[in-house]
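Just so you know, these numbers use all the heavy atoms, side chains as well, and skip hydrogens, waters and symmetry mates.
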Amino acid sequence: MEGASAEPFHRVTPLLESWALSQVAGVPVFLKCENVQIAGSFKIRGIGHFCQQMAKRGCRHLVCSSGGNAGIAAAYSARKLGIPVTIVLPESTSMQVVRRLQGEGAEVQLTGKVWDEANVRAQELATRDGWVNVSPFDHPLLWEGHASLVRELKESLRTPPGAVVLAVGGGGLLVGVAAGLLEVGWQQVPIIAMETHGAHSFNAALQAGRLVTLPDITSVARSLGAKTVAARALECAKECEVLSEVVEDREAVSAVQRFLDDERMLVEPACGAALAAIYSDILGRLQAEGRLSPALASVVVIVCGGNNISSQQLQELKTQLGCR
């Protein structure tokens, strides 16, 4: 079994200083380019680690519910491990993602309007003998895998950044980054957790002081579409300095276009939510409010992925939202 070895499935990704975003922010901005992972997003870090561990325990079939990125990571891992995999996606998933999954050898099922409904089907399938459910964001092995990102930051930067900016969907990346910051001794580094309105289950939970289930996912950032965030994410907000911010879809999609122009990289609206921290000057507002240091040494933005986008989809989203 090729992937049952200790060699991880993810690659060490570039950390690039962005001249354009640094000019906008007035502080050095570094991009952690998870969009260049083989599976197209950071998800391969945690999901690859999880799948390797399950293979060692005798798993005979993997099943994963996904908005796209987690499914591609699970399908890639399953192919490397030589294990069959079924990916359950919402019916709104683009054919681009479906074709990619099928190209990895996955069986694809389209079920329900949003991820949560697809997840119910995946959990049903996982009751079969020898099948294992791969959560997209809610398992300690995933968080352990995602923490590797911060170890790479420490290796590249040496000194801690003034903040780490990331997008929150189900909360797996947030939890993994928080664990990684603690591991490398950077627990004082604030995390700016970005969401889009209509997929803001983390922000809603923070406001309520408990887990909140959104009535529906209405954001175009489908990769952020978990109606309830992982419970561990809410705990992290009590243990670390987490600044939760919500932007409109229009801001996220505008950030995608500006980033394409600035860096020649096409990323999905979920990633646009993180980039909007710079382009919509949320960073500056947090500094003005005294919630972030006025003299940040640098900021790291996690460019989380680019599977769920094409040039045509970007144009359609801009038209739909009235972006310039």
Side-chain angles (χ1 to χ4, degrees), residues 39-44 46-47 62-78 85-127 131-139 142 167-173 195-202 204 211-230 233 249 252-253 256 267-273 304-310 312-314 316-317 320-321:
S41 81
F42 76 93
K43 294 280 190 182
I44 190 60
I47 286 177
L62 293 162
V63 58
C64 179
S65 57
S66 172
N69 290 324
I72 291 170
Y76 175 82
S77 300
V85 63
T86 300
I87 309 297
V88 189
L89 304 162
E91 292 163 358
S92 59
T93 305
S94 72
M95 282 310 298
Q96 174 185 338
V97 170
V98 172
R99 284 193 295 270
R100 171 69 190 273
L101 289 166
Q102 290 170 336
E104 292 285 359
E107 178 201 355
V108 177
Q109 294 188 16
L110 300 177
T111 303
K113 183 186 171 189
V114 295
W115 169 80
D116 300 76
E117 293 169 13
N119 189 45
V120 171
R121 174 61 178 159
Q123 289 175 330
E124 289 170 1
L125 291 171
T127 61
W131 289 46
V132 172
N133 184 42
V134 184
S135 170
F137 56 81
D138 199 1
H139 194 283
L142 300 182
V168 177
L173 179 59
E195 294 173 285
T196 49
H197 186 77
H200 58 292
S201 56
F202 178 62
L211 291 179
V212 170
T213 299
L214 300 178
D216 195 11
I217 298 297
T218 57
S219 171
V220 300
R222 308 304 294 181
S223 296
L224 301 182
K227 291 200 285 187
T228 312
V229 77
D249 279 346
V253 171
V256 170
V267 295
E268 58 202 45
C271 184
C304 53
N307 284 316
N308 294 316
I309 194 69
S310 66
Q312 181 181 341
Q313 286 172 312
L314 175 57
E316 289 170 353
L317 286 170
Q320 174 188 334
L321 297 168

Here the gap from Asn133 atom CG to Leu62 atom CG, rounded to the nearest 0.5 Å, amounts to 9.5 Å
Quickly, which of Leu89, Thr86, Thr93 forms a side chain to side chain contact (heavy atoms under 4.5 Å, CB included) with Leu101? Name it, please. Leu89
Interatomic spacing from CG in Asn307 to SG in Cys271 - rounded to 0.5 Å: 11.5 Å
Would you check, one step at a time, whether the test side-chain contact (heavy atoms from CB on, under 4.5 Å) holds for Trp115 with Ile217? CA-CA 9 Å; Trp115 169 80; Ile217 298 297; over 6 Å; no
Trp131 to Val63 - nearest heavy-atom pair and separation: CE3-CB, 4.1 Å
Carefully, step by step, assess Leu211 and Val229 under the rule side-chain contact (heavy atoms from CB on, under 4.5 Å). CA-CA 7 Å; Leu211 291 179; Val229 77; 3.8 Å; yes
Can you find a heavy atom in the side chain of Leu173 that is under 4.5 Å from one in the side chain of Val168? no
Any side-chain heavy atom of Ser201 within less than 4.5 Å of one from Glu195? yes
Partners meeting side-chain hydrogen bond (donor to acceptor under 3.5 Å, both in side chains) with Ser135 (sequence neighbours left out): none
Sorted by chain and number, sequence neighbours left out, salt bridge (charged side-chain N to carboxylate O under 4.0 Å, His left out) with Glu124 holds for Arg121
Set out, in order, the CA-CA distance, both residues' side-chain angles and the distance that settles side-chain contact (heavy atoms from CB on, under 4.5 Å) for Glu268 and Asn69, then state yes or no. CA-CA 11 Å; Glu268 58 202 45; Asn69 290 324; 2.7 Å; yes
On a heavy-atom basis, the closest approach of Cys64 and Ala122 is C-CB, 4.4 Å
Nearest heavy-atom contact between Phe137 and Lys43 is CB-NZ, 4.4 Å
Who are the side-chain hydrogen bond (donor to acceptor under 3.5 Å, both in side chains) partners of Asp138, not counting sequence neighbours? none
Can you list every pair that meets salt bridge (charged side-chain N to carboxylate O under 4.0 Å, His left out) and has a residue in residues 109-119, with sequence neighbours left out? Lys113-Asp216
Please list, chain by chain and in numerical order, all residues satisfying side-chain contact (heavy atoms from CB on, under 4.5 Å) with Val212, sequence neighbours excluded. Ala204, Ala208, Arg210
Leu125 CG to Ser65 OG distance, which is reported to the nearest 0.5 Å: 10.0 Å
Sorted by chain and residue number, the side-chain contact (heavy atoms from CB on, under 4.5 Å) partners of Val256 (sequence neighbours excluded) come out as Leu266, Val267, Leu314
Only one of Ile309, Asp249, Leu321 forms a side chain to side chain contact (heavy atoms under 4.5 Å, CB included) with Pro269, so which one is it? Ile309
For His197 against Ser219, the heavy-atom pair lying closest together: O-CB, 3.5 Å
Derivation of the side-chain contact (heavy atoms from CB on, under 4.5 Å) call for Val108 and Gln102: CA-CA 7 Å; Val108 177; Gln102 290 170 336; 3.9 Å; yes
Ala252 and Ala273: which non-hydrogen atoms are nearest, and at how many Å? CB-N, 3.8 Å
Shortest non-hydrogen contact from Ala74 to Ile87? CB-CD1, 4.1 Å
